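Report on one structure; see the data block that follows.
For the numbers below, each heavy atom of this structure counts, side chains included, while hydrogens, waters and symmetry mates do not. What you are looking at is a predicted structure, and each value in this text was computed from that prediction instead of being measured. Within every chain, numbering begins at 1; the chains are lettered A, B, ... in the order of the sequence lines, protein sequences first and strands thereafter.
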Number of protein chains: 2
Amino acid sequence: MSSAESLERLEVALTPQERFEEYLQSRGQRQTKPRKFLVETIFAQHAHFDADELIEKLPRKGEPDYVSSATVYRSLREFVDAGLLNSFQLDGRTVYELDYGYPQHDHLYCTRCRKLIEFRSESLVETRDAAAAEHGFRVTGHRLIVQGVCRECAGSRRKKRKQDLV
Amino acid sequence: MSSAESLERLEVALTPQERFEEYLQSRGQRQTKPRKFLVETIFAQHAHFDADELIEKLPRKGEPDYVSSATVYRSLREFVDAGLLNSFQLDGRTVYELDYGYPQHDHLYCTRCRKLIEFRSESLVETRDAAAAEHGFRVTGHRLIVQGVCRECAGSRRKKRKQDLV
DNA sequence: CTAAGTGCAAATCTTTTGCAGAACG
DNA sequence: CGTTCTGCAAAAGATTTGCACTTAG
């Protein structure tokens, strides 16, 4: 999974597992071994990850607790739906991050080392709402990614690489 | 191509064709019939579009000026590189918009009708830069999409659809 | 001429889906 | 027990790529 400068975790009433259980019950769905195992694995660390990176960390086919990738993909969507995870697109793939128990934030994306840095900005939300209001637009959320070069990469003065995208 | 509330076009010294020609020359690449035709088609209107929508508007196989989709994809990337177009990800696909000759802006995305509304905000950029500065991050650009419901859709009180994503 | 560009078809990559058997409640 | 889930493999959708032929300069 990718490294990332992270924000503090918040106090929450329920554990992710409990919260997910509520979600499942409310929809007549079942608490299963793969789902439990995935929630556990994902919340065992704070990091951004995509489906593939998650699958890499899981037991392989044949080993105990193996989960097929179809189930991984299906579960990730449920977790987003349940409010456990957030997702967004980056360089073509879907990136997930912990949402439940973490404050709303945005990202700085270093195009050199591909690191995602989280940051909070109150005024950003205000500006967003003001702009939306001018268009009679009712905001439900937003996705902001600021591209650039992080402190570390800027320090080690390397020349721009071809991969510095978008 | 999708409808969109649009911003004014700016004054620019070169036409998109000329600008692209410069780009090609600077890299020892060639001005070809397909490339010329694509630039012409794309800049003939202001709209957001993806590769597939563009291909739909082009002549079919067998007709004059037909361009293979491989070439469409290849060219779109060149146009972005050349600064003619901008691109971003939306609902899984790559969306393009005219960049050369248009002011920098962000988007409101209506999750009901899928319309993209452009808006400008000076303070947004300032806020972005301030936040980035706190992390010693050198900004090269950003991508912001504000999700919600546009005036028209909010007016015609329809209930939320399943597709109201992220 | 000859390097760059194009069309075609096949290959990738990521994610989704149909289905038969497994497992919750 | 009746559903809901899962694993498997195949499908799908978007984009890329290898290659032989075409074309711009």
Side-chain angles (χ1 to χ4, degrees), chain A residues 17 20-39 41 49-56 58-82 85 87-96 162-163 165-166, chain B residues 17 20-39 41 49-56 58-82 85 87-96 162-163 165-166:
Chain A
Q17 292 284 7
F20 188 48
E21 180 143 17
E22 277 201 341
Y23 167 85
L24 290 173
Q25 288 183 345
S26 76
R27 321 192 12 152
Q29 291 181 266
R30 293 169 181 173
Q31 179 67 313
T32 67
K33 180 127 46 143
R35 296 213 254 238
K36 239 178 287 189
F37 186 68
L38 289 174
V39 172
T41 304
F49 62 96
D50 62 25
D52 209 55
E53 289 167 329
L54 174 57
I55 290 167
E56 294 268 290
L58 296 171
R60 319 275 144 181
K61 198 176 307 192
E63 296 175 15
D65 288 322
Y66 167 72
V67 182
S68 70
S69 32
T71 294
V72 169
Y73 278 104
R74 278 188 285 240
S75 301
L76 286 174
R77 285 199 296 177
E78 291 173 345
F79 297 162
V80 171
D81 227 61
L85 300 181
S87 72
F88 52 99
Q89 301 291 125
L90 194 59
D91 292 341
R93 67 216 218 280
T94 304
V95 176
Y96 298 87
K162 176 60 178 295
Q163 301 96 311
L165 310 162
V166 183
Chain B
Q17 292 285 6
F20 188 49
E21 179 142 20
E22 277 201 341
Y23 166 86
L24 290 173
Q25 287 183 346
S26 76
R27 320 191 14 151
Q29 291 182 264
R30 294 168 182 173
Q31 179 67 306
T32 67
K33 179 127 46 141
R35 296 213 255 238
K36 240 178 287 188
F37 185 68
L38 288 174
V39 172
T41 304
F49 63 95
D50 61 25
D52 210 55
E53 289 168 327
L54 174 57
I55 290 168
E56 295 267 290
L58 296 171
R60 318 276 145 183
K61 199 176 308 192
E63 295 174 16
D65 287 322
Y66 167 73
V67 182
S68 72
S69 32
T71 295
V72 169
Y73 278 103
R74 279 188 283 239
S75 300
L76 286 174
R77 286 199 294 177
E78 291 174 345
F79 296 163
V80 171
D81 227 61
L85 300 181
S87 72
F88 52 98
Q89 302 290 126
L90 194 60
D91 293 342
R93 68 215 218 281
T94 303
V95 176
Y96 298 86
K162 176 59 176 297
Q163 301 94 312
L165 311 164
V166 184

Check the side chains of A/Arg77 and A/Tyr73 for a donor-acceptor pair under 3.5 angstrom, ignoring hydrogens and angles.
no

Does C/dT16 have its OP1 or OP2 closer than 4.0 Å to a side-chain nitrogen or oxygen of A/Arg77?
yes

Between D/dG25 (P) and B/Arg27 (CZ): distance, integer Å:
16 Å

Residue A/Ser68, side-chain atoms from C-beta onward, closest of C/dC8, C/dT16, D/dC8:
D/dC8

What's the closest nucleotide to the side chain of B/Ala70 if the choices are C/dG5, C/dC8, D/dT4?
C/dC8

Would you mind telling me which of C/dT6, D/dT15, D/dG7 lies closest to the side-chain atoms of B/Thr71?
C/dT6

Quick note, B/Arg74 side chain, CB onward, closest among D/dG7, C/dT6, C/dT15 is C/dT6

Closest listed nucleotide, where the reference is the side chain of B/Arg30 and the choices are C/dG7, D/dA24, D/dC5
D/dA24

For B/Lys61 and C/dC8, give me the distance from atom NZ to atom C1', rounded to whole Å.
7 Å

Are A/Thr32 and D/dT6 close enough that a side-chain N or O sits under 4.0 Å from OP1 or OP2?
yes

Would you classify B/Thr94 as touching base, sugar-phosphate or nothing, given that sugar-phosphate means primed atoms plus P, OP1 and OP2, and contacts are heavy atoms under 4.0 Å?
sugar-phosphate

Please tell me if the side chains of B/Gln89 and A/Phe88 come closer than 4.5 Å, counting only heavy atoms from C-beta onward.
no

Establish, with yes or no, whether the OP1 or OP2 oxygen of D/dT16 is under 4.0 angstrom from a side-chain nitrogen or oxygen of B/Tyr73.
no

Going by heavy atoms in the side chains, are A/Leu58 and A/Glu63 under 4.5 Å from each other?
no

With the side chain counted from C-beta on, respond yes when B/Val95 and B/Phe49 share a heavy-atom pair under 4.5 Å apart, and no when they do not.
no

Per the atom types in the model, does the base of C/dT14 pair as donor or acceptor with the side chain of A/Arg93 at under 3.5 Å?
no

Note: for B/Glu78 and A/Gln31 on DNA chain C, the residue whose nearest nucleotide lies more 5' is B/Glu78

